[in-house]
Every structure is written in structure tokens, then in C-alpha cells.
Asks: 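Questions regarding the structure given below will be posed in turn.
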Number of protein chains: 2
Amino acid sequence: MGTIKDIAQKAEVSISTVSLVLNNKGYVGEETRKKVQQAIQDMNYKPSRSARKLATGKTGNIGFIIWEGHFYDVEMFYSQIFLGMEYAARKTDSYVILTTVKEEFDPKKEVPRFLKYNDVDGVALAGRVPHTLVEYLDRQRIPIVLIDYAIPGKNYNCIQIDNYHGAYQAVDHLAKTGKKRIGFVGGTYFHPSIKERYRGYRDALEANNLIGNGMPEEYTFVENVETSPLIGEKGISVLLDRNTDLDAVFCCNDPTAMGAMKEIQKRKIKIPDEIAIVGFDDIPTSGFCMPRLTTVSVPKLALGKEAFNLLNEVIDQPSEPPQVRTIGTFLVKRESA
Amino acid sequence: MGTIKDIAQKAEVSISTVSLVLNNKGYVGEETRKKVQQAIQDMNYKPSRSARKLATGKTGNIGFIIWEGHFYDVEMFYSQIFLGMEYAARKTDSYVILTTVKEEFDPKKEVPRFLKYNDVDGVALAGRVPHTLVEYLDRQRIPIVLIDYAIPGKNYNCIQIDNYHGAYQAVDHLAKTGKKRIGFVGGTYFHPSIKERYRGYRDALEANNLIGNGMPEEYTFVENVETSPLIGEKGISVLLDRNTDLDAVFCCNDPTAMGAMKEIQKRKIKIPDEIAIVGFDDIPTSGFCMPRLTTVSVPKLALGKEAFNLLNEVIDQPSEPPQVRTIGTFLVKRESA
DNA sequence: ATTTTATATTAAAACGTTTTTAGAAATCAT
DNA sequence: ATGATTTCTAAAAACGTTTTAATATAAAAT
């Protein structure tokens with residue numbers, strides 16, 4: 001493969017000079033630079049990663065942590081975020097290495113391999129993730145950025161979805177199409193994103209003068225478990241049984257909406273005429289179900305890219321104060337609403 | 001963090017000795033070993049990956065390549081294989097780094113980053129992947145293993161799903177429940193897995209004396225494009241229009257089955273009474289659709305684990321002849337058949 | 001009793017970079 | 001023309017391991 005030494009020899013310069021042109025540093029004469037670049041080209045030379053990393057002290061890896069359960073979900077949400085990070089990584093010389101964690105995290109029992117062996121320069125965490133893990137990372141002074149998650153009362157770097165406006169838009173759309181009694185179905189209420197979506201829901205109701213007569217209290221179903229199609233089924237059941245005048249429902253995410261849709265169809269209720277439904281996330285399934293789901297689309301790739309970039313900035317400037325960046329959403333109108 | 005030098009100092013031995021106990025190599029006296037291990041414990045020492053890799057010449061990474069399109073699929077099939085690899089990797093000191101490739105691959109234009117910079121010791125490729133890429137890897141003498149794919153006429157290390165028996169079981173189940181006119185819907189016929197599934201389908205028909213009267217020719221829909229729900233819709237449409245006596249269909253995978261299901265329901269045909277349907281893969285969605293899909297389950301984690309292990313063997317013993325390992329499947333009986 | 005062989009330890013070389021330091025040559029200001 | 005900068009290049013140290021070769025002792029075989 002050839003080493004930096006071979007290049008130096010071929011270009012008739014010192015190793016140091018080769019290194020300088022390689023890294024665009026210091027002063028290098030124009031013709032010397034050309035000679036070196038030519039040699040690099042000719043020999044198809046690629047610097048050794050390990051050697052480089054050993055010399056610089058960086059690992060060149062960044063870690064990506066998600067809850068294991070998301071790998072068994074119906075949704076591809078987190079995979080796409082991961083892909084976004086990978087795309088961003090391609091413009092750098094870092095690799096993204098992924099690992100999953102269990103619901104609970106105890107640093108005394110087990111920490112992810114790449115943390116244990118100091119093999120990452122920083123880590124991105126997506127979705128709901130154990131607080132103890134985030135605190136552990138913070139304590140170890142490992143640069144982190146949270147994706148689509150935040151820990152109440154704590155201030156970390158994070159990439160947020162614009163949950164509030166997304167939900168607002170969705171519910172506003174329902175109202176504008178004439179729906180009056182709009183329900184809300186959600187899970188894990190303590191998840192900040194869900195809270196924001198509820199806020200958007202409420203404010204959109206208010207803006208459309210739909211508050212009152214039990215709205216939204218009686219039309220809200222929230223249970224403190226991981227969101228899933230099952231929660232959707234259960235939620236819509238409760239709402240339908242409680243409010244005979246329900247004519248639309250905003251589900252806190254697409255899997256929940258899928259479940260709700262299933263239950264609604266089971267009861268032979270027509271979508272969207274009798275009950276309109278809108279979700280949140282725009283996972284691939286939403287485009288294939290029947291009827292296709294109207295939903296708030298989240299630019300997942302952008303989420304990953306931004307996370308990667310922010311993380312890199314944090315790694316370079318560790319002392320900067322935590323940043324929050326918000327990624328916009330947009331409503332995808334399909335047949336369910 | 002402490003280096004090997006600090007350990008040597010603390011344990012009052014040489015650096016070499018520390019290295020020997022670290023790697024369980026050579027001769028080391030019992031008490032010396034204890035002293036060293038104690039020091040390692042006390043200082044919570046972790047060897048530097050870069051230094052180690054530089055010295056050994058290995059990268060400690062293995063690459064995982066899939067077609068980019070699979071990240072936009074409805075299915076989590078490949079994500080789970082990836083997770084299986086990650087699980088296996090945890091028992092070693094290797095990391096799995098993932099990248100995607102486009103449908104076409106031209107080494108002159110662009111090669112995956114980790115190949116370009118020699119940052120992996122070997123690579124696993126899952127699903128349909130450009131032939132030119134596989135040949136490129138082979139030419140570069142990079143150890144590879146294919147997962148759920150094979151290139152006709154070529155002999156590579158690979159982990160296969162038992163497509164034949166899986167399909168056979170599925171179709172046999174349909175026959176045993178009294179179905180007589182069983183269709184087949186598939187895509188990308190040149191994909192070896194699909195071919196095998198078709199073979200299993202045919203043989204099961206034969207074993208149940210269902211060949212004849214246009215079976216299976218008239219009851220087969222195959223189109224040479226990537227499998228998808230759309231292919232399922234189209235396939236079942238053609239079959240239904242052509243054969244009024246169709247009473248069951250075996251779809252070459254779950255996404256296809258999803259599409260078929262949608263179309264069948266659109267035509268107000270009852271599943272499974274009028275038309276029974278069975279898929280292949282057991283992706284998460286299959287458990288949530290309505291009715292839930294009977295399908296052939298593929299142990300995806302096992303697939304990934306085996307791939308990782310085989311790849312590691314190949315890396316250690318590059319001159320061994322190519323191996324094929326087959327992972328069994330099992331039928332998950334749900335409501336669609 | 002002497003040679004082999006097995007066990008135990010270490011010094012030193014090697015892995016391929018980046019970075020620091022130093023020195024020379026060219027340019028500039030006086 | 002002299003000294004001060006700026007531009008250019010190279011030698012050498014540093015990064016933290018593994019591996020090879022060397023040396024020393026203990027045990028076994030002749």
C-alpha cells in the first residue's frame with residue numbers, strides 16, 4: 001500500500017513535508033506541494049488511520065446509541081436518523097458506530113463497549129434513552145448530543161423536531177376540514193416530544209375555538225407506556241366509547257395511528273368521513289396502509305445530519321454552552337384526513 | 001487514562017510482560033501475572049485501540065454493506081441482521097461499520113469510504129448487492145461473506161436462509177388446510193432466494209398432487225423488479241383476473257404479501273376464507289396488519305451473528321475454501337392462512 | 001555432568017503518523 | 001547592508017502498542 005515514507009522518497013522531500021501537505025498545514029512551497037500531490041496520486045496512497053489516530057489522540061469514531069426496543073419496532077424512524085448521520089460522516093474522516101442499550105442503565109454493571117474502551121470522540125443519542133446513561137456521559141465529559149429527546153431541567157446539546165408546530169398544523173388541518181370534536185391519543189407522556197405535541201394540539205384547538213364541552217380533557221387519551229399500535233387501538237377505543245360525537249383524532253405518532261386505524265376499521269367506521277385521523281413521523285408504512293395516512297413528516301435524514309455536525313462542533317469546542325437546534329416539519333396530506 | 005507503561009511501572013515488570021498478559025501469550029509466571037492483572041484493575045487500564053491496531057496491522061473493523069433502498073423500505077429486515085452482527089461483535093474487539101451503496105457500482109467512480117481507506121478487515125454484504133462490487137472486493141482480496149444472497153456461478157462465503165424448505169412448508173400448510181389453487185407472486189426472479197422459494201412452492205404443489213390444469217404456470221406472477229407492496233398488488237390483480245378459482249397465494253416476501261392483502265381487501269374478498277395468504281420473512285408489520293399475516297419466519301439476528309462469525313473465521317484463515325451455511329426457517333401461523 | 005528443552009523476563013525494534021523544534025533561504029523594513 | 005520577518009524544509013521526538021530477539025534460570029533428557 002505504501003507509507004508516508006515512500007511518498008517522501010518518491011517526491012524527494014521529508015516525511016514532515018508530506019504530512020504538511022496531507023493536512024494543509026504550515027508553509028509548503030507551491031512546486032513542492034505539487035510534487036507531493038503527484039506522488040500521492042501515483043502511488044494511490046492512503047494514510048494509515050491507526051497511525052494517524054495514535055498520533056492525534058482522537059479516535060475518529062462517533063457513537064450512536066438508541067434503545068434496543070427500537071430495533072424491533074415496526075418503524076424505521078431511527079434507522080433513517082442513523083443513515084442521515086452516516087451521510088454527514090462521509091464528508092469527514094469519522095465513522096459512526098451504533099450500539100443499543102437496554103431500558104435501564106447502570107454504569108456499574110455494563111457500559112457500551114465503545115465507551116468502556118474509549119473508542120469514540122463523542123456520542124449521539126436518539127429517542128428515549130436512560131437518564132442515567134446521559135448523566136454518566138456528562139460526568140465522563142464525553143461530548144453528547146440528544147436527538148429528538150431532552151431531559152427536563154437539564155441543558156444538553158440537542159436536535160429537536162418542531163413538535164409543537166407540527167402538531168399544531170396537523171390539528172389545524174383537521175379543524176379547517178370541518179372537524180369539531182378532535183381527540184388526542186398518546187403514550188409516554190413524560191417524553192418531552194409528546195408533551196410538545198399535546199401543547200400544539202391544544203393550542204390549535206383553542207385557535208379554532210374548539211375548547212369547551214369537555215374538550216380537550218374528555219377527548220384525550222394518554223397512557224404512560226411506550227407508544228405502539230396497541231396503545232393506538234386502546235386509546236381510540238376508550239375515546240370512541242366515551243364520546244359518541246368524536247369526529248377526528250390526532251395520534252402522537254404513526255405507529256399509534258396505525259393501531260387506531262385498525263380499531264376504527266374493525267368497528268366499521270369510515271375514514272376519513274366519520275373519523276379523520278392524522279399521525280406524526282411519516283414512517284414508510286404510512287404511505288402503504290389503507291387509507292394512506294395523513295401525517296406530519298419529519299426530515300429524518302436532516303435530523304441525523306444536523307446531529308452529526310453539531311456533535312463535531314462540540315467535539316472541537318468542548319467549552320461552548322449547550323445548543324438546541326430545531327428541525328422543521330411539514331404536513332403530508334393523504335387520504336386519512 | 002494510563003498507558004501500558006504505567007501498568008508496567010506499577011507492577012514492577014517490563015512493558016513486554018504487560019503486553020503478554022494482556023494478550024494471553026507466551027510464558028508468564030503465575031505471581032507476575034497476578035501482579036499485572038491487579039495493576040490493570042487498580043488503574044482501570046484499557047489499551048489504546050489505535051496503538052494496538054497500528055502494531056498489529058489489523059483495523060479491528062468489519063464493514064456491512066447493503067443497498068441504500070433497503071433503508072427506505074417498509075421492512076426492518078436488514079436492520080435486524082445488522083443488529084445480529086453487532087451482538088456478535090460485542091464478544092470480540094471489532095466494530096461493525098455500516099454503509100449503503102447505490103444500485104450500480106463502478107469502482108472507478110466511487111467506492112465505499114471504508115474500502116477506499118482500507119479501514120476494514122473484511123465485509124459482509126446483505127441482500128441484493130451489485131455484482132461489480134462483489135467482484136471488486138474479491139479482486140482486492142478483501143474477505144467477504146454474502147448474507148441471503150449468492151451470485152450464480154460464483155463461489156463465495158455465504159449465509160443462506162433455507163428458502164426452499166421455508167417455502168415448501170408454507171405452501172404445504174396451505175394445501176393441508178384444503179386450498180387447491182395456490183398462486184405465487186414474486187419479484188426479481190434472478191435473485192437466487194426468490195428462485196429457491198419458487199422451487200419450494202413448486203415441489204410442495206407436486207407433493208400434494210396439485211400440479212396440472214395450468215398449475216403452476218398460470219398461477220405464477222413474477223416480474224423482474226425489486227419486490228414491494230406494489231408488486232404484490234399488481235401480482236394478485238393479474239392472478240385474480242386470470243384465475244377465478246384461485247383460493248390461496250404464496251407471496252415471495254412480506255412486503256409483497258402486504259400489497260396483495262391490500263388489493264384483496266379492496267376487492268372485498270375475504271381472507272383467509274376465500275383467499276388465504278402467506279408471506280415470507282416475518283417482518284414486524286406482519287404481526288400488526290389485519291388480519292395478521294401467516295408467514296415464514298427468518299431468524300434475522302442469527303443470520304447476522306453467523307455472518308459475523310464466519311467472516312471472522314475467513315479473516316483468520318483467508319486460504320480456506322468458500323463456505324455456505326444455511327439457517328433454518330419456521331412457519332408462523334396467524335390469521336391470514 | 002552435560003546438553004536440551006521449557007519457562008520466564010526484558011530490551012529494543014517496528015508500526016505510520018503528527019507535531020515540535022530548529023535552521024536555512026527569501027523577503028522586507030530600516 | 002543590516003537586522004527582523006516571513007516562508008520553506010527537515011530532523012527528531014512522541015503517540016502506545018506488539019513482536020522479535022536476547023538472556024537467564026529451571027527442569028528434563030542424555
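Each chain gets a letter, A, B and so on, in the order the sequences are listed, and its residues count up from 1.
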Asks: Identify each donor-acceptor pair in which a side-chain atom of residues 60-68 of chain A lies under 3.5 Å from a protein atom, sequence neighbours left out, and give them as a table.
Replies:
| unit_1 | atom_1 | unit_2 | atom_2 | d |
| --- | --- | --- | --- | --- |
| Asn61(A) | ND2 | Asp119(A) | O | 3.1 |
| Glu68(A) | OE1 | Lys102(A) | NZ | 3.3 |
| Glu68(A) | OE2 | Tyr87(B) | OH | 2.3 |

Asks: Do any of residues 3-11 of chain A sit with a heavy atom less than 4.0 Å from DNA chain C, and if so which?
Replies: Thr3(A), Ile4(A)
Asks: Can you confirm whether Glu306(A) sits close enough to Gln160(A) that some side-chain heavy atom of one is under 4.5 Å from a side-chain heavy atom of the other?
Replies: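 SC-SC contact between Glu306(A) and Gln160(A) ruled out.
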Asks: For residues 32-45 of chain B, run the donor-acceptor check on the side chains, cut-off 3.5 Å, and write out each pair with its distance to 0.1 Å, sequence neighbours left out.
Replies:
| unit_1 | atom_1 | unit_2 | atom_2 | d |
| --- | --- | --- | --- | --- |
| Lys35(B) | NZ | Ala11(B) | O | 3.4 |

Asks: If the threshold is 4.0 Å, N to carboxylate O, is there a salt bridge linking Glu86(B) and Arg90(B)?
Replies: yes
Asks: Compare the minimum distances between each of dA6(C), dT18(C), dT10(C) and the side chain of Tyr27(B), then state the nucleotide with the smallest one.
Replies: dA6(C)
Asks: Any N or O donor-acceptor pair under 3.5 Å from the base of dA11(C) to the side chain of Ser16(B)?
Replies: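 Under the 3.5 Å cut-off, the side chain and the base do form a donor-acceptor pair.
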Asks: For Val145(A) and Cys158(A), work out which heavy atoms get closest and say how close.
Replies: CG2-CA, 4.3 Å
Asks: Tell me if the CD atom of Gln140(B) is crowded by more than 12 foreign heavy atoms within 6.0 Å.
Replies: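 Yes - once you tally the heavy atoms of other residues, nucleotides and ligands closer than 6.0 Å, there are more than 12.
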Asks: Using the heavy-atom set of chain A and a strict 4.0 Å cut-off, write down the first and last nucleotide of DNA chain D that makes it in, 5' to 3'.
Replies: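 Nucleotide range in contact with chain A: dT7(D) to dG16(D).
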Asks: In terms of side-chain geometry, is the basic nitrogen of Asp93(B) or Lys53(B) positioned less than 4.0 Å from the acidic oxygen of its partner?
Replies: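 Between Lys53(B) and Asp93(B) there is a salt bridge, with a charged N closer than 4.0 Å to a carboxylate O.
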Asks: For Thr59(A) and Arg49(A), which heavy atoms make the closest approach, and how far apart are they?
Replies: O-NH2, 3.9 Å
Asks: Would one find more than 12 heavy atoms of other residues, nucleotides or ligands at under 6.0 Å from atom NZ of Lys46(B)?
Replies: yes
Asks: Decide whether Ser14(B) and Thr17(B) meet the rule of one side-chain donor and one side-chain acceptor closer than 3.5 Å.
Replies: yes
Asks: State plainly whether the residues Arg128(B) and Glu103(B) are in salt-bridge range, i.e. N to O under 4.0 Å.
Replies: yes
Asks: When the C1' atoms of the five terminal pairs at each end define the local axes, what inter-axis angle does the helix from dA1(C)-dT30(D) to dT30(C)-dA1(D) show, to 10 degrees?
Replies: 40°
Asks: Can you tell me the distance, in whole Å, between the NZ atom of Lys25(B) and the C1' atom of dA8(C)?
Replies: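 About 17 Å, once rounded to whole Å.
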Asks: If every non-hydrogen atom of Val314(A) is compared with every non-hydrogen atom of Pro143(A), which pair is closest and at what distance?
Replies: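 Nearest heavy atoms, Val314(A) then Pro143(A): CG1-CB, 3.8 Å.
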Asks: Can a side chain N or O of Thr32(B) be found less than 4.0 Å away from OP1 or OP2 on dT9(C)?
Replies: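 Thr32(B) to dT9(C) OP1/OP2: side-chain N or O found under 4.0 Å.
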Asks: Around Glu12(A), counting heavy atoms of other residues, nucleotides and ligands shown, do more than 12 lie under 6.0 Å from its CD?
Replies: no
Asks: Please list, in numerical order, the residues of residues 33-61 of chain A that have a heavy atom closer than 4.0 Å to any atom of DNA chain D.
Replies: Leu54(A), Ala55(A)
